[in-house]
Amino acid sequence: MNSTNTAPQLQRLDGSPVRVLVVDDESNLTELLSMALRYEGWEVQTAGTGLKAVRAAKEFQPDAVVLDMMLPDFDGLEVMRRMRADNGSMPVLFLTAKDAVEDRVAGLTAGGDDYVTKPFSLEEVVARLRALMRRTAVVADESTSLLVVGDLTMDEDSHEVTRAGTEISLTATEFELLRYLMRNPKRVLSKAQILDRVWNYDFGGQANVVELYISYLRKKIDAGRSPMIHTMRGVGYVLKPAD
């Protein structure tokens, strides 16, 4: 993690990193999820069985749990019941099979907070976890304020973004990228700077992730309007009020 990062992070109320427990018996999946969550600056532990998950929850005291419905020893509902016996308010995000509607219904009825269906995007899991942890007030943001560039407005506290009064829905990473651009209006930012500040991680030259997210943002911020996000070829990107 790069200590020069200035993007506000989700933190525990005592200022330490938030903790997430990822429970799934597919090791490839837990690895991918762990990597994505660590990019956020969060502490992550994993478990491949229900029994290990319950034990890990006791020791690790996570702020949220990503929990697969189908585990080799017992199902996600039983795991959640056992975890909640120790910590009644622990937010749980269930992972369910695409066609298992009854799983999702059962999970939410039994007290799960949210679910995503496989296959899912890592982005979506991160965004849902952020929302869950905010909702259950286990975390706090650094104090922030309103950012305004032209007719684009961002409330860093409520995470509401509007352009010309129209609300724009952003994923967690899109929000952080736009926040960085809006904190540096009319300033050309290189891909390396954006990677460092938004992803808080050295992608080893994989700057195309920046291009990808800039294109996502453009579709939401600039579509059908005068563009605010501009490419400076060979240099980087700049956000400025529309002409």
Side-chain angles (χ1 to χ4, degrees), residues 1-11 17-18 35-42 121-134 139-243:
M1 293 295 161
N2 193 315
S3 58
T4 60
N5 179 50
T6 58
Q9 301 235 328
L10 217 51
Q11 298 175 329
V18 298
M35 215 183 294
L37 302 182
R38 286 188 181 115
Y39 288 162
E40 297 293 317
W42 303 348
S121 72
L122 295 173
E123 250 323 290
E124 186 184 6
V125 173
V126 169
R128 298 284 186 99
L129 280 172
R130 276 180 177 274
L132 273 189
M133 288 189 280
R134 281 210 177 88
V139 297
D141 275 335
E142 293 172 16
S143 59
T144 51
S145 58
L146 205 64
L147 296 176
V148 182
V149 178
D151 60 356
L152 185 65
T153 304
M154 169 183 283
D155 185 326
E156 293 185 294
D157 288 330
S158 68
H159 275 218
E160 285 169 0
V161 176
T162 60
R163 180 156 184 203
T166 304
E167 201 166 324
I168 295 164
S169 175
L170 301 177
T171 65
T173 302
E174 288 166 355
F175 182 87
E176 294 300 339
L177 173 56
L178 183 61
R179 189 206 304 256
Y180 184 45
L181 292 172
M182 289 184 75
R183 281 183 169 179
N184 295 277
K186 300 182 183 174
R187 182 177 156 208
V188 179
L189 302 168
S190 71
K191 286 180 186 175
Q193 283 174 309
I194 294 170
L195 270 179
D196 182 59
R197 295 300 172 90
V198 178
W199 276 266
N200 204 14
Y201 186 81
D202 177 10
F203 267 71
Q206 291 181 33
N208 57 339
V209 72
V210 176
E211 286 167 34
L212 188 64
Y213 275 91
I214 288 285
S215 74
Y216 291 161
L217 264 190
R218 278 190 169 129
K219 281 176 192 156
K220 294 183 178 183
I221 303 294
D222 288 345
R225 305 178 179 104
S226 301
M228 292 184 71
I229 302 170
H230 303 270
T231 303
M232 311 300 282
R233 298 230 170 270
V235 187
Y237 301 96
V238 61
L239 176 89
K240 53 189 181 184
D243 300 328

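A salt bridge between Glu176 and Arg197 is absent, with no side-chain N of the basic residue lying under 4.0 Å from a carboxylate O of the acidic one.
With sequence neighbours excluded, the residues satisfying side-chain contact (heavy atoms from CB on, under 4.5 Å) with Ala172 are Val126, Ala127, Arg130. For Glu123, the salt bridge (charged side-chain N to carboxylate O under 4.0 Å, His left out) criterion is met by no residue, not counting sequence neighbours.
Phe175 pairs with exactly one of Ile168, Val161, Leu217 by the side-chain contact (heavy atoms from CB on, under 4.5 Å) rule, that one being Val161. Just one of Leu189, Val238, Val198 meets the side-chain contact (heavy atoms from CB on, under 4.5 Å) condition when paired with Leu181; it is Leu189.
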Can you give me every donor-acceptor pair (side chain of residues 225-234, partner residue at least two apart or in another chain, under 3.5 Å) with its distance?
unit_1, atom_1, unit_2, atom_2, d
Arg225, NH1, Lys220, O, 3.4
Arg225, NH1, Ile221, O, 3.1
His230, NE2, Pro227, O, 3.4
Thr231, OG1, Arg218, NH1, 3.4
Thr231, OG1, Arg218, NH2, 2.7

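Within the model, atoms CG of Asp155 and CG of Leu147 stand 9.0 Å from one another, a figure rounded to the nearest 0.5 Å. Remark: Asp151 CG to Thr166 OG1 distance equals 9.0 Å, nearest 0.5 Å. Atom CD1 of Ile194 sits about 6.0 Å away from atom CG of Leu177, to the nearest 0.5 Å. In this structure, CD in Glu124 is found 10.5 Å from CG in Leu129, a value given to the nearest 0.5 Å. Interatomic distance, CD1 of Ile214 versus CG of Leu178, reported as 9.0 Å (0.5 Å rounding). For the atom pair CG (Leu170) and NE2 (His159), the distance works out to 10.0 Å, reported to the nearest 0.5 Å.
Residues Pro185 and Val149 come closest through the heavy atom pair CB-CG2, 4.0 Å. Tyr237 and Val210 make their closest contact through CE1-CG1, 3.9 Å (heavy atoms, listed as atom of the first residue, atom of the second, distance).
Asn184 places no side-chain N or O within 3.5 Å of a backbone atom of Arg187 that could act as its donor or acceptor partner.
Annotation: side chain of Glu40 is not in contact with side chain of Pro17 (no heavy-atom distance under 4.5 Å). Looking at Arg163 and Asp222, their side chains come closer than 4.5 Å, going by heavy atoms from C-beta outward.
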